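For reference, the structure is listed below as structure tokens.
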Amino acid sequence: MELYNTLTRRKETFSPREPGKVSMYVCGPTTYNYIHLGNARPLIFFDTVRRYFAYRGYLVDYVQNFTDIDDKIINRAGEEGEDPLALAQKYINEYFRDAGALNVRRADTHPRVSGHMPEIIEMIDTLIKNGNAYVVEGDVYFEVRSFSAYGRLSGRSLDDLRAGARVEVDSRKRDPLDFALWKAAKPGEPSWESSWGPGRPGWHIECSAMSLKYLGEGFDIHGGGFDLIFPHHENEIAQSEAATGKPFARYWLHNGFITVNEEKMSKSLGNFFLVRDILARFPPETVRFYLLSTHYRSPLDFDDQKLESAGRGLERVKTSIRLLAEALARPEDGRASVECKDLPPVLDELRDSFEKAMDDDFNTALAIAVLFDLAREVNTCVQRLGVAPAPADREVLLKAEVLFKAFNEVLGIFKVDRNGKMSLDGMPSPGLDLADGLLELIIGLRQEARSRKDWAVADRIREGLKGLGIIIEDTPQGVRWKKQG
RNA sequence: GGCGACAUAGCCAAGUGGUAAGGCAGAGGACUGCAAAUCCUCCAUUCCCCGGUUCAAAUCCGGGUGUCGCCUCCA
């Protein structure tokens, strides 16, 4: 596998710290609001990375933090008259709801800042002892000059950074770029005791302390959005390596931004879309599919038309999976003629192509193209079968179904139930409830009308059901219905 | 001002030296009572512009134009 490492600015062959195992840490959200689409991109992308490593047979240890102590949380809690930690907890719960809807699996560990004060304080202590940090009036700052590799990740020298610094210079800092490891408590703020006084951690130290605690020195992959490269990840490297004297993380992966009208979407610009608002208008699988249809390092523009277009494309994939399931559900006929005997080698090629795409820096856009190729091959086969498959064809179809499931296991577009069945949401379920029963009854009546060539009644029923969101399709293999996508 | 990324059909989007994937939209055909779905065919002599390297460039180099991002909390 090749992956693009921000640290070296080129693709590198992935080789894990320990054979067969992958350790990854991804910066999670600051929980003071519901997550927006921009937050969803790294979630979905790194979830896909994790799934692909698992598909490739690696044992993955995935850690994603929550920043539950921070200025924004404290401010928000102040506005709402709520306890900051309770507010953070609320949005952590909501986070899981949104992420779950997008079929993002939980990380193996979701550490929080508030639960790791001893580790954070100990790390700061080490940095002070090592001469990399200094205390000023209860604040503790990291001294960037003390770390010679500072700027390596973002590709900038300290001089470049100073020249462009827009930060107000704090005269207590030895260098304008020195950053806070510990902030002295202000009245009314949540705080923790430390040997340099009560306070709370700065933003960057948490990720160093928690990633090192759970994954150890030199873990494999550290990920996040492009905007975290500087200063957040730069600072993480400085702190961690200054404290441990060992390399911090081995591969740095950063996803590109989501833009709206070609402009970066962010909470500070106020042009963001909450995941839950989008999910009220589009199916979650469409959202996930859309986000994966562009390479993760490219910017991705969001608007309704683009999502609708993606949804129509995804509909073809769903249709294909449905056609396949229906063909398999039909009774075999005993005929010996085999219609799809050319398909198996094609399926093998498709699997190769899919893996090749994912091996090349997680090229999900190409992988999705392979998904479409699979759909077309399956449709062609199913169409040739006519009403019932021969036993040999049945085996071929089963193999194709396995491939659909394998692709979906990686891309995570469709949710999968306990029996391993993909949920396409419009698919008629085997268990009939009243509505389904009535629907079957009406469709049966329409079929009788059709057999009498009573087209007026048949069309009226079809139009009427369409108005209720049920699409009727008359196919050579019989009637099919689905809920409107 | 400093650093960096990107520019491929009406739209979205792969493709880093060997002669333009895939999707949406569109056109024609097969199938169909019709519609839908599905399948087949067509749809970029050309990859922002100008130079250069090469037998060969969307892909490499130089210059230009444009868009975006980072340098401040931000996924």
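None of the values given here were measured: they were computed from a predicted structure. Just so we're on the same page: letters track the sequence lines, and every chain starts at 1.
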Nearest listed nucleotide, side chain of A:N39, among B:A13, B:A75, B:G33: B:A75
Pairing partner of B:C55 (Watson-Crick or G-U wobble, both distances under 3.5 Å): B:G18
Cation over ring face, A:K264 and A:F257, 6.0 Å, 45°: yes
Aromatic ring proximity, centroids under 6.0 angstrom, A:H222 and A:Y25: yes
Inter-nucleotide C1' distance (B:C60, B:G28), Å rounded: 42 Å
Test ring pair (Phe, Tyr, Trp, His ring centres under 6.0 Å) applied to A:F414 - qualifying residues, sequence neighbours left out: none
Cation-aromatic face contact A:R297/A:Y4, 6.0 Å, 45 degrees: yes
C1' spacing across the pair B:C48 / B:C42, given as an integer number of angstrom: 27 Å
Donor-acceptor pair present, A:D71 side chain and B:C73 base, under 3.5 Å: no
So which protein nitrogen or oxygen atoms get under 3.5 Å of nucleotides 66-70 of chain B's nitrogens or oxygens?
residue	atom	partner	partner atom	Å
B:G69	OP1	A:K264	N	3.3
B:C70	OP1	A:K264	NZ	2.5
B:C70	O2'	A:R156	NH2	3.4
B:C70	O2	A:R156	NH1	3.0

Sugar-phosphate only, base, or nothing, as touched by A:I368 at under 4.0 Å among non-hydrogen atoms: nothing
For atom CD1 of A:I472 and atom P of B:U32, their distance in whole Å: 20 Å
Between CD on residue A:Q239 and CZ on residue A:F147, distance to nearest 0.5 Å: 10.0 Å
Distance between P atoms of B:A7 and B:C47 (Å, rounded): 14 Å
A:A365 side-chain proximity, nearest of B:C73, B:A37, B:A13: B:A13
Interatomic distance, A:R112 atom CZ to A:D68 atom CG [nearest 0.5 angstrom]: 6.5 Å
Distance below 4.0 Å between A:N379 side-chain N/O and B:U38 OP1 or OP2: no
side-chain N/O A:S298 vs B:C12 OP1/OP2, d < 4.0 Å: no
Pairing partner of B:C43 (Watson-Crick or G-U wobble, both distances under 3.5 Å): none
Minimum-distance nucleotide (side-chain atoms of A:R450 versus B:U38, B:A14, B:C34): B:C34
Sugar-phosphate, base or nothing in reach of A:G224, heavy atoms under 4.0 Å: sugar-phosphate
C1' gap between B:U19 and B:C50, integer Å: 23 Å
Donor + acceptor pair across side chains of A:D70, A:T30 (<3.5 Å): no
Atom pair distance, as rounded to whole Å: NZ in A:K306 and P in B:A13: 7 Å
Length of the CG-C1' vector between A:N33 and B:A75, whole Å: 14 Å
Would you list the protein and nucleotides 25-30 of chain B atom pairs, both N or O, that sit under 3.5 Å from each other?
residue	atom	partner	partner atom	Å
B:A25	OP1	A:R312	NE	3.4

Closest-nucleotide ordering on RNA chain B, the 5'-leading residue of A:T380 and A:G225: A:T380
Atom-to-atom span, OH of A:Y296 to P of B:A13 - whole angstrom: 17 Å
Donor + acceptor pair across side chains of A:N93, A:Q89 (<3.5 Å): yes
Neighbour count above 12 (heavy atom, 6.0 Å) for A:R276 CZ: yes
Shortest side-chain distance from A:R376, nucleotide among B:C39, B:A75, B:A21: B:C39
Side chain of A:A369 (C-beta onward), nearest among B:A13, B:A21, B:C40: B:A21
Touch class at under 4.0 angstrom, heavy-atom based, for A:R446 against every strand present: base
P spacing across the pair B:C40 / B:G51, given as an integer number of angstrom: 42 Å
Distance, rounded to the nearest Å, where A:K318 contributes NZ and B:G23 contributes P: 18 Å
Atom-to-atom span, CG of A:L385 to C1' of B:C39 - whole angstrom: 13 Å
A:Q305 versus A:S309, side-chain donor and acceptor atoms under 3.5 Å: no
Any A:R172 side-chain heavy atom under 4.5 Å of A:D139 side chain: yes
Side-chain donor-acceptor pair present, A:Y52, A:D359, cut-off under 3.5 Å: yes
Inter-nucleotide P distance (B:C49, B:C11), Å rounded: 15 Å
Complementary nucleotide of B:G69, counting Watson-Crick and G-U pairs under 3.5 Å: B:C3
A:S451 side chain to A:E448 backbone, donor-acceptor under 3.5 Å: yes
Heavy-atom donor-acceptor pair, A:D459 side-chain to B:G33 base, under 3.5 Å: yes
C1' spacing across the pair B:A58 / B:U8, given as an integer number of angstrom: 7 Å
Nucleotide opposite B:U38 in a Watson-Crick or G-U pair, distances under 3.5 Å: B:A30
Along RNA chain B (nearest heavy atom to each residue), the more 5'-positioned of A:R297 and A:K11: A:R297
Length of the CH2-C1' vector between A:W252 and B:A75, whole Å: 14 Å
Phosphate OP1/OP2 of B:A14: any A:N363 side-chain N/O under 4.0 Å: no
Whole-Å P distance, B:U45 and B:G10: 9 Å
Donor-acceptor pair present, A:R462 side chain and B:A35 base, under 3.5 Å: yes
B:U38 OP1/OP2 closer than 4.0 Å to side-chain N/O of A:R316: yes
Euclidean distance, atom CD of residue A:Q447 to atom C1' of B:C34 [Å, nearest integer]: 14 Å
Touch class at under 4.0 angstrom, heavy-atom based, for A:H232 against every strand present: nothing
